[in-house]
Amino acid sequence: QVQLVESGGGLVQAGGSLRLSCVASGRTSHYSFAWFRQAPGMEREFVAVLKWNTGATFYSDHVQGRFTMSRESANTTLFLQMNSLKPEDAAVYYCAGMIDYSGSYYQAARAYTYWGQGTQVTVSS
């Protein structure tokens with residue numbers, strides 16, 4: 001099992017940057033971890049995924065080139081560096097995890113077993 005705790009959300013102006021953190025407690029080997037986001041009245045949306053063992057990442061088209069997902073093995077922490085933020089990036093951001101021995105990048109929320117509580121990101125125009 002793994003427990004996930006996000007932090008780092010806040011209010012930022014359009015064009016600015018934020019870095020979200022997600023501390024993973026428990027097993028991380030052979031896990032995939034992802035960031036999702038959910039705006040009011042919208043479905044939860046895939047943002048990025050990282051395979052813990054290799055550090056390989058995959059991004060949604062909406063954030064490719066602006067967001068970077070990474071990990072710090074020593075502290076079993078995941079990060080989402082968000083640059084060039086847009087008002088449409090505003091949402092609650094969730095960290096998610098799943099045991100994953102495959103070579104695929106899973107983008108569906110239903111594939112993930114473990115979820116954090118979320119952290120709010122607000123982008124002012």
Partner set under ring-ring contact (aromatic ring centres under 6.0 Å, His included) for F46, not counting sequence neighbours:
F36
Which residue pairs pass the disulfide (SG to SG under 2.5 Å) test with at least one member in residues 54-91, sequence neighbours excluded?
none
Where at least one partner belongs to residues 2-23, residue pairs that pass salt bridge (charged side-chain N to carboxylate O under 4.0 Å, His left out), sequence neighbours excluded:
none
Using the side-chain contact (heavy atoms from CB on, under 4.5 Å) criterion, which residues pair with N75? Sequence neighbours excluded.
E72, T77
How long is the straight-line distance from OG of S125 back to CD of Q13, given to the nearest 0.5 Å?
9.5 Å
For residues 97-117, the salt bridge (charged side-chain N to carboxylate O under 4.0 Å, His left out) pairs (sequence neighbours left out) are K51-D100
What is the distance from atom CD of Q107 to atom OH of Y112, rounded to the nearest 0.5 Å?
8.0 Å
Could I get the full list of ring-ring contact (aromatic ring centres under 6.0 Å, His included) partners for F33, not counting sequence neighbours?
Y31, W52
Heavy-atom donor-acceptor pair, R71 side chain to S73 backbone, under 3.5 Å:
no
Applying salt bridge (Lys or Arg N to Asp or Glu O under 4.0 Å) to E88 and not counting sequence neighbours gives none
Search all heavy atoms of G118 against all heavy atoms of V92 and return the closest pair with its distance.
CA-CG1, 3.8 Å
Contacts of F58 that satisfy ring-ring contact (aromatic ring centres under 6.0 Å, His included) - sequence neighbours left out
Y105
Contact summary for L4 and Q117, nearest pair of heavy atoms:
O-OE1, 3.9 Å
Do V2 and R27 have side-chain heavy atoms sitting under 4.5 Å apart?
no
Determine, using the 4.5 Å side-chain heavy-atom cutoff (strictly less than), whether V121 and L78 are members of one ILVMFWY cluster.
yes
Side-chain (N83) to main-chain (S17) donor-acceptor, under 3.5 angstrom
no
If you link I, L, V, M, F, W and Y whenever their side-chain heavy atoms are under 4.5 Å apart, who else ends up in the same group as M42?
none
Which heavy atom of T113 sits nearest a heavy atom of M98, and at what distance?
N-CB, 4.2 Å
According to a 4.5 Å side-chain heavy-atom criterion applied to Ile, Leu, Val, Met, Phe, Trp and Tyr, with indirect links allowed, do L50 and W115 form part of one hydrophobic cluster?
no
Show me the pairs that pass disulfide (SG to SG under 2.5 Å) and involve residues 5-120, at least two apart or across chains.
C22-C95
Hey, any chance V49 and Y94 share a hydrophobic cluster, counting ILVMFWY side chains that come within less than 4.5 Å of each other, even indirectly?
yes
W35-I99 co-clustered via ILVMFWY side chain contacts under 4.5 Å:
yes
Do S29 and N53 come close enough that some side-chain heavy atom pair is under 4.5 Å?
yes
Just jot down the side-chain contact (heavy atoms from CB on, under 4.5 Å) partners of T68, sequence neighbours excluded, or say none.
Y59, Q81
Going from CE on M82 to CZ on R37, what distance comes out if it is rounded to the nearest 0.5 angstrom?
9.0 Å
Over all heavy atoms of both residues, which pair between L85 and R66 is shortest? Give the atoms and the distance, please.
CA-NH1, 4.0 Å
Check the hydrophobic clustering (I, L, V, M, F, W, Y; side-chain heavy atoms under 4.5 Å; chains of links allowed) and say if F79 and V12 are grouped together.
no
If the condition is side-chain contact (heavy atoms from CB on, under 4.5 Å), which residues does S104 pass it with, not counting sequence neighbours?
S102, Y106
Of the non-hydrogen atoms in A39 and A90, which two are nearest, and what is the gap between them?
CB-O, 3.9 Å
Do you know which of L20, D89, T57, L18 makes side chain to side chain contact (heavy atoms under 4.5 Å, CB included) with F67?
D89
Any donor-acceptor N/O pair, T76 side chain to A24 backbone, under 3.5 Å
yes
